[in-house]
Every structure is written in C-alpha cells, then in structure tokens.
Amino acid sequence: MKVAVSALGPSLDDRVDERFGRARWFVVADTETGEHEALDNDKASQALQGAGLAAAELVADKGVQAVLTGHLGPKAFRLLDLAGIAGYAAAGMTVAEALAAFRQESLVRLSEAAESYGG
Amino acid sequence: MAIASGKGGTGKTLVATNLAVLLSRAGRAVTLVDCDVEAPNGRLFLPPASESAVRPVEVPLAVVDESACAACGACRDACRYGAIRMLAGRVLVFAELCHGCGACELACPIGAMGEERRRVGEVEAAVSAEAVRMVAAVRDADLMLLVTEPTAFGLHDLDLSYRLGRQLGLPMAVVVNRADAGAADIDGYCAERGLPVVARIPFDAGIAAAYADGRLVLDAHEEGPRLFADLWERVESLLDLPEAAETRS
C-alpha cells in the first residue's frame with residue numbers, strides 16, 4: 001500500500017510536518033517494497049488559499065491510500081475522503097517512525113477535520 | 001460621500017446613520033443609501049418610511065458540465081484561487097474558494113465550464129445591481145470616508161481600500177473607530193500618505209450598548225453630538241477644498 005507522510009524534509013529521518021496542505025515535503029512510501037520518494041510541496045505550501053486541496057490532489061495522483069500527518073483542514077479532508085484516502089495522526093514522530101507505527105496499526109485515524117490551519 | 005471599509009464590522013453603519021441624522025436635523029437634505037451586501041443594517045437604525053423590498057445579491061460560481069468534460073485540467077491550471085481540483089479524471093469545484101472570475105470558462109477548450117448564480121446577501125431593491133460592487137458604489141463620490149479600527153486586520157484592509165481609492169483618484173479621509181482598542185499604527189499609516197483622520201470614536205461600552213439596541217450614538221451618548229459634529233466639520237472643510245484633497249494623492 002502506498003502512504004504519503006507530510007514531512008519537514010525529504011528523508012525518512014525528517015520529522016512529520018503537522019501541517020498537511022502547507023507541509024514542506026511529502027514522503028510517499030510503499031509499505032510492501034519499502035521504496036519511497038520525496039515530493040517537494042514548496043510551491044503549493046505558499047499558495048494564498050487552497051493549499052490543502054492542492055496537496056490532497058498531489059498525493060491522490062500518486063495513488064496513496066493513506067496520509068500520515070498532524071491536522072487535516074476541512075476541505076482537504078473532504079477531497080481525501082472522496083478519493084477514499086484515510087488520514088492518520090502522526091505528529092511528533094519521524095517519517096520512519098510514523099511508517100512503522102502505521103504498519104503496526106497503532107496510529108489514530110483522523111475521523112473529522114480539524115479547524116482550518118494557517119489560512 | 002461614500003462611507004466604506006475593507007474590513008467588516010469597523011463601523012460603516014454607525015458612522016453613516018449618525019451622520020445622516022445629524023445633517024438631517026441641521027436642515028440638510030440627506031439621502032442614505034445602504035449598498036452593503038452582507039450586512040445592510042442601516043434600516044435597523046433608520047427604518048424606511050414605507051416597507052421597502054429587498055432583493056438577493058448573487059455572484060457567479062463555476063460549474064462543470066461533467067458529460068462534456070474531457071478532464072484536460074485547463075480549468076484547474078487557470079484558477080488562481082485553487083478552487084478547482086482534479087481527482088481520478090473528475091473536475092471538482094470548491095465553492096468556498098471560487099471568486100466567480102470566469103477564468104476557467106475562458107480556459108476550457110471545449111466549453112464544458114459554465115457558471116451558476118450563488119446568493120451572497122441582499123440589498124434594498126432600490127439599490128442598482130451595479131452599485132453593490134464597491135468600485136461602482138464609490139466611484140463618483142466627492143469623498144470616500146474610510147472607517148477602520150487600530151487592529152492588524154483593520155490596517156491591512158484600510159490599505160486595500162486606500163489603494164482602490166487612489167486608483168480611482170478619490171479624495172479620502174479616515175475615521176478610526178474603537179480608537180483605543182488596538183495597537184496597529186493607523187496614525188502613522190495615514191500621516192505617511194497624507195490621509196486626514198477626521199474622527200476617533202472611543203472604544204466605549206456606552207456606544208456599543210446603544211448600537212446593539214439599535215439606537216443612535218447621537219441620542220444615546222453624551223459625547224455623540226460633539227463627536228459627529230466635529231467629524232462633519234472636518235469632512236466639510238475637505239469637501240470645500242477638492243483641489244487640495246486631490247493634490248495629496
């Protein structure tokens with residue numbers, strides 16, 4: 001299964017970025033093969049509005065089935081939900097720790113959208 | 001005179017209603033036209049003599065004809081507000097981000113983008129469809145009175161309004177409401193641009209209470225008549241010297 005992790009940097013050792021839409025990077029990992037790639041979210045993260053939607057579209061296009069992040073804004077939550085992508089809370093971890101916790105099914109599912117974050 | 005502000009809730013209605021009544025009591029012929037789309041509250045303070053009709057104000061909202069859409073993404077790429085996203089070959093329009101600019105309609109090579117009307121508020125039926133747009137409402141005024149408050153939002157939106165007024169070549173003056181309730185440097189901003197501050201309305205529980213009761217500050221607060229008479233005197237001196245006001249911009 002492919003999973004996107006919002007991250008402060010492009011590597012597995014970087015910390016999870018608590019922001020989804022305005023995350024600096026996304027690390028997209030395949031939980032079966034262990035392969036991963038980093039997506040630079042610099043441009044979208046500075047958009048005046050709609051950053052969460054742009055990020056949701058970006059990771060949906062990569063075919064992920066889950067996102068690991070801190071908060072999801074209401075619009076991003078809606079778009080991910082439409083795409084059948086689940087969100088999980090992984091604040092405070094590194095990307096590698098978040099992926100390990102996800103494989104162990106120990107992450108909490110983000111069931112409802114947090115308040116709009118960062119305008 | 002046009003009374004305007006970028007930010008909502010700064011006190012446009014407060015200033016407009018009190019000024020209108022002050023002038024009317026002084027024997028001047030005054031017409032107050034409320035062009036505020038989102039909160040046309042003037043009539044709460046000055047009820048119209050006859051029951052006046054209101055009509056809805058609508059703006060365009062992008063819609064996609066899914067049966068025609070070829071999912072090329074041109075609309076999404078054209079939208080500078082990020083209101084259009086694509087998911088698995090489907091175009092999704094997020095109404096809360098759409099500004100109704102029509103760029104997606106122009107960008108769509110096969111005419112699959114259109115628009116519907118979305119209700120954003122209402123105005124008195126007598127206000128023209130054109131006049132609900134700020135530019136149209138203020139364009140022909142002799143003076144635009146900008147009502148603001150000393151907060152970061154107030155200053156930011158004062159700047160938006162000021163830049164619009166400058167583009168239109170309008171003489172402008174500023175009323176600072178809740179003058180002691182924030183830390184933003186409105187005075188410094190105005191001084192740099194030669195914008196006269198014609199009144200400072202204090203942050204006062206008595207004024208807030210009167211307004212919340214639908215009463216005029218002129219009647220409900222002992223400082224009211226002095227405050228608005230002074231405001232008008234300063235405005236009038238600016239109106240009498242339109243050349244001087246124009247050379248500032």
Side-chain angles (χ1 to χ4, degrees), chain A residues 1-4 6 17 19-24 26 28 39-67 69 71-87 110 112-119, chain B residues 6-9 38 59-66 69-105 107-108 112-113 115 118 120 151-157 159-161 163-164 184:
Chain A
M1 182 197 290
K2 285 177 87 175
V3 178
S6 59
D17 196 330
R19 304 159 301 183
F20 176 71
R22 298 186 190 282
R24 183 60 188 80
F26 287 102
V28 174
L39 306 177
D40 191 339
N41 194 43
D42 188 39
K43 187 157 167 273
S45 70
Q46 292 176 29
L48 199 58
Q49 61 172 39
L53 290 174
E57 184 182 294
L58 179 72
V59 299
D61 281 348
K62 286 290 171 184
V64 309
Q65 287 174 269
V67 297
T69 186
H71 313 271
L72 283 175
K75 291 189 284 289
F77 185 89
R78 235 162 70 212
L79 191 58
L80 290 172
D81 199 43
L82 277 171
I85 300 170
L110 294 166
E112 58 186 53
E115 280 180 31
S116 185
Y117 197 76
Chain B
K7 183 183 174 300
E38 291 175 0
V59 297
L61 170 68
V63 284
V64 56
D65 176 356
E66 294 206 43
C69 178
C72 68
C75 55
R76 172 197 55 193
D77 298 340
C79 182
R80 61 179 291 195
Y81 303 108
I84 300 177
R85 309 294 357 159
M86 289 184 60
L87 200 63
R90 228 183 115 201
V91 169
L92 300 165
V93 178
F94 285 76
E96 60 269 54
L97 299 182
C98 176
H99 287 223
C101 70
C104 54
E105 210 177 327
C108 180
M113 290 304 296
E115 62 185 38
R118 169 172 52 156
V120 292
T151 62
F153 286 131
L155 182 56
H156 175 271
D157 290 356
D159 184 52
L160 291 180
S161 307
R163 284 189 285 149
L164 172 71

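Convention: sequence-line order gives letters A, B, ...; per-chain numbering from 1.
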For a side-chain contact (heavy atoms from CB on, under 4.5 Å) check, start with the C-alpha distance between A/Gln49 and B/His99, then their side-chain angles and the critical distance, and finish with the verdict.
CA-CA 12 Å; A/Gln49 61 172 39; B/His99 287 223; 3.9 Å; yes

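Within a 6.0 Å radius of CZ in B/Phe153, no more than 12 heavy atoms belonging to other residues, nucleotides or ligands are found.
Here the CZ-CG distance, from B/Arg85 to A/Leu58, works out to 9.5 Å after rounding to the nearest 0.5 Å. Residue A/Leu53 holds its CG atom at 12.0 Å from CZ of B/Arg76, rounded to the nearest 0.5 Å.
Only the side chain of B/Leu92 comes within contact range of chain A, with heavy atoms under 4.5 Å apart. Neither the backbone nor the side chain of B/Arg80 comes within less than 4.5 Å of any heavy atom of chain A.
Nearest heavy-atom pair, A/Ala60 versus B/Leu87, reported as atom, atom and distance to 0.1 Å: CB-CD1, 3.5 Å.
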